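Since this is a predicted model, take the numbers as computed values, not measurements.
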Amino acid sequence: MVFGLMSVAGFAREIPMPLGVYLSWEIAVNDARRNDRTREDWLDMLFAGCAERGVDTVWIVNFQAPQLKPVLEIAARHNLELLLSPRDGKLPFSEDEMREFVADLVAAGEGSTAWAGWILSDEPTEETFPALRRYNELLRQYDPGRHTALVAMWQQASAIAGAVGPDAVAVDLYPFFGPGDPNGPHTDATSRAFFTRHAEALVASCRNTDTVPWIMPQCFVEVWGPYQYNDAGEVVALPGSYLHWRSPDTAEMRWQFFEALRVGGRGIFYFQLGSIMAANPESATRALAADFAWPEVVLKEPVNAGPAGLVTPDGRMTPQFDELGRLYRAAAPWKELITRWQPQEMPQLEAPFTGAGFFDPSDGAVYWLVLNNSLREERQLQVPGWGSETAADMLTGRVFPVDAAGNLVLNLAPGEGAILKRQ
């Protein structure tokens with residue numbers, strides 16, 4: 001199989017590649033209250049952790065419009081850009097409401113360098129597409145200097161770019177379901193296939209609509225029924241609960257990152273910065289509904305599901321966030337290249353490796369992205385016919401040797417990728 005054949009010639013809009021995270025405003029507010037901190041102090045802590053880890057953009061939803069100025073000031077302090085949905089969770093449907101709302105917010109944010117764009121909606125349904133299209137048009141009229149974006153579920157992602165017309169569309173892909181879950185993939189192979197299939201579909205749908213494709217990978221937990229937090233800030237699903245989603249480990253975190261790039265993504269936002277499972281005593285005793293539909297997957301033993309976000313409810317940065325930071329810091333110098341590179345054929349790789357070739361239209365240089373799809377084992381790849389020159393991973397600087405037969409030899413950790421300059 002040859003990878004990287006998907007044309008991306010339609011990605012004409014000039015939007016810098018975001019290396020981002022997603023934050024639900026109410027999570028930050030609630031965690032600040034539980035930790036006896038002000039909202040501004042808690043947000044400053046979150047944004048500092050983001051900046052230290054190479055995050056450059058934060059996607060904030062359910063945002064309270066009166067907080068706009070202080071939030072923009074905190075973001076600017078940490079050199080972060082924000083995509084905002086300051087609509088208190090509802091779309092202003094009437095034309096007059098839309099105009100007034102947009103004009104007021106633009107005036108309130110005047111002069112800010114931190115506010116990069118507007119979020120039109122989170123996972124909209126088809127009946128809202130006409131109103132969202134008009135909302136998008138008004139934003140371009142009143143605030144042409146900021147781009148517009150939305151995130152769609154995979155079921156709607158392919159249709160939404162043409163129907164609504166935003167500058168960028170993200171698809172949220174959460175491939176790590178709980179053990180035996182009938183609602184989604186829960187093995188390594190099916191989780192990878194789910195992510196790849198729908199990420200490729202999003203990129204393809206954006207190709208001919210002048211829309212930039214973004215990928216929203218997973219870092220969260222969802223438990224129905226009883227759970228509690230352990231001393232490490234991880235969620236433990238208790239007997240009698242349904243573990244809907246588990247958190248990815250560090251190998252799965254990096255696999256999602258490299259696969260998003262491999263299929264042609266032009267931006268990444270991990271969901272979610274805050275922990276989506278409330279940290280309160282009542283969580284350990286809440287019961288599943290009596291008519292729960294899948295009794296066969298109700299847990300009989302405790303299961304450590306991992307952290308419920310990149311930051312624990314008490315403000316600790318997780319190993320997943322640290323791994324994300326390693327990747328984001330390494331990728332930052334190459335964002336412009338990744339934004340402009342175009343698909344280029346490359347040789348087929350032996351399983352469990354996949355790859356994609358790209359060329360830089362500015363100078364014709366060719367790049368190969370190779371990825372170890374094993375999420376459990378380090379594996380060795382031999383790339384035949386490389387030649388006599390060694391190769392260095394552009395992200396890490398690691399140098400890979402060439403054997404006597406002219407094969408490039410790469411040892412990659414579980415879920416690890418490398419970007420090699422071919423010529």
- request: Mind checking side-chain hydrogen bond (donor to acceptor under 3.5 Å, both in side chains) for E282 and listing every partner two or more places apart, or none if nothing turns up?
  value: none
Sequence neighbours excluded - side chain to side chain donor-acceptor pair (under 3.5 Å) pairs with any residue from residues 229-238: N230-E234, E234-N304
- request: Report yes if the distance between the aromatic ring centroids of F194 and Y174 is under 6.0 Å, otherwise no.
  value: no
field: Short side-chain donor-acceptor distance under 3.5 Å, Q156 and T125
entry: no
- prompt: Distance from W245 atom CH2 to F220 atom CZ, nearest 0.5 Å?
  reply: 5.0 Å
query: Can you name the side chain to side chain contact (heavy atoms under 4.5 Å, CB included) partners of H244, sequence neighbours left out?
result: F177, D181, N183, E222, W224, Y242
message: Using every non-hydrogen atom in the two residues, find where S247 and V221 come nearest and quote the distance to one decimal.
response: N-CG2, 3.5 Å
- prompt: Quick one: does S112's side chain have a donor or acceptor within less than 3.5 Å of a partner on A114's backbone?
  reply: yes
- request: With sequence neighbours excluded, give me every salt bridge (charged side-chain N to carboxylate O under 4.0 Å, His left out) pair touching residues 33-46.
  value: D31-R34, R37-D41, D44-R77
query: Of all heavy-atom pairs between S121 and L150, which one has the smallest distance, and what is that distance?
result: O-CB, 3.4 Å
task: Could you name each residue pair satisfying salt bridge (charged side-chain N to carboxylate O under 4.0 Å, His left out) that touches residues 410-420, not counting sequence neighbours?
output: R254-E416, R326-E416
query: Going by distance alone, is a donor N or O of one side chain under 3.5 Å from an acceptor N or O of the other, for S374 and N372?
result: no
message: Other residues, nucleotides and ligands only: do more than 12 of their heavy atoms fall within 6.0 Å of CD on E26?
response: yes
- prompt: What salt bridge (charged side-chain N to carboxylate O under 4.0 Å, His left out) pairs are there with at least one residue in residues 285-294, not counting sequence neighbours?
  reply: none
message: Listing request: all ring pair (Phe, Tyr, Trp, His ring centres under 6.0 Å) pairs with a residue in residues 25-47, at least two apart in sequence or in separate chains.
response: W25-F63
Greater than 12 external heavy atoms within 6.0 Å of E350's CD: no
message: Parallel, tilted or perpendicular: which one describes the rings of W341 and Y367, with boundaries at 30° and 60°?
response: tilted
- prompt: Are R146 and D143 close enough for a salt bridge, meaning some N to O gap below 4.0 Å?
  reply: yes
message: Checking the side chain of Q320 only, and the main-chain atoms of M253 only, is there a donor and an acceptor separated by less than 3.5 Å?
response: no
statement: CG (L120) and CZ (R133) are apart, to the nearest 0.5 Å, by 11.0 Å
In a table with atom names and distances, give each donor-acceptor pair under 3.5 Å that connects a side chain of residues 295-302 to protein atoms at least two apart or in another chain.
none

Qualifying residues under side-chain hydrogen bond (donor to acceptor under 3.5 Å, both in side chains), relative to W255, sequence neighbours excluded: N373
- prompt: Of the non-hydrogen atoms in F257 and L395, which two are nearest, and what is the gap between them?
  reply: CE2-CD1, 4.4 Å
message: Could you tell me if S24 and Q272 have a donor-acceptor pair between their side chains, going purely by distance under 3.5 Å?
response: yes
- line: E137 meets the side-chain hydrogen bond (donor to acceptor under 3.5 Å, both in side chains) criterion, sequence neighbours left out, with R134
- request: Output all residues satisfying side chain to side chain contact (heavy atoms under 4.5 Å, CB included) with D56, sequence neighbours left out; order by chain, then residue number.
  value: P18, L19, K335
- prompt: Hey, do the aromatic rings of W214 and F269 have their centres closer than 6.0 Å?
  reply: yes
field: Pairwise distance CD1(I60) to CG(L82) - rounded to 0.5 angstrom
entry: 5.0 Å
Backbone N/O of I338 and side chain of R340: donor-acceptor pair under 3.5 Å: no
- prompt: Got a sec, which residues hit side chain to side chain contact (heavy atoms under 4.5 Å, CB included) with E81, two or more places apart in sequence or on another chain?
  reply: T57, A116
message: Determine whether a donor-acceptor pair (N or O, by modelled atom type, separation under 3.5 Å) exists between the side chain of R316 and the backbone of V311.
response: no
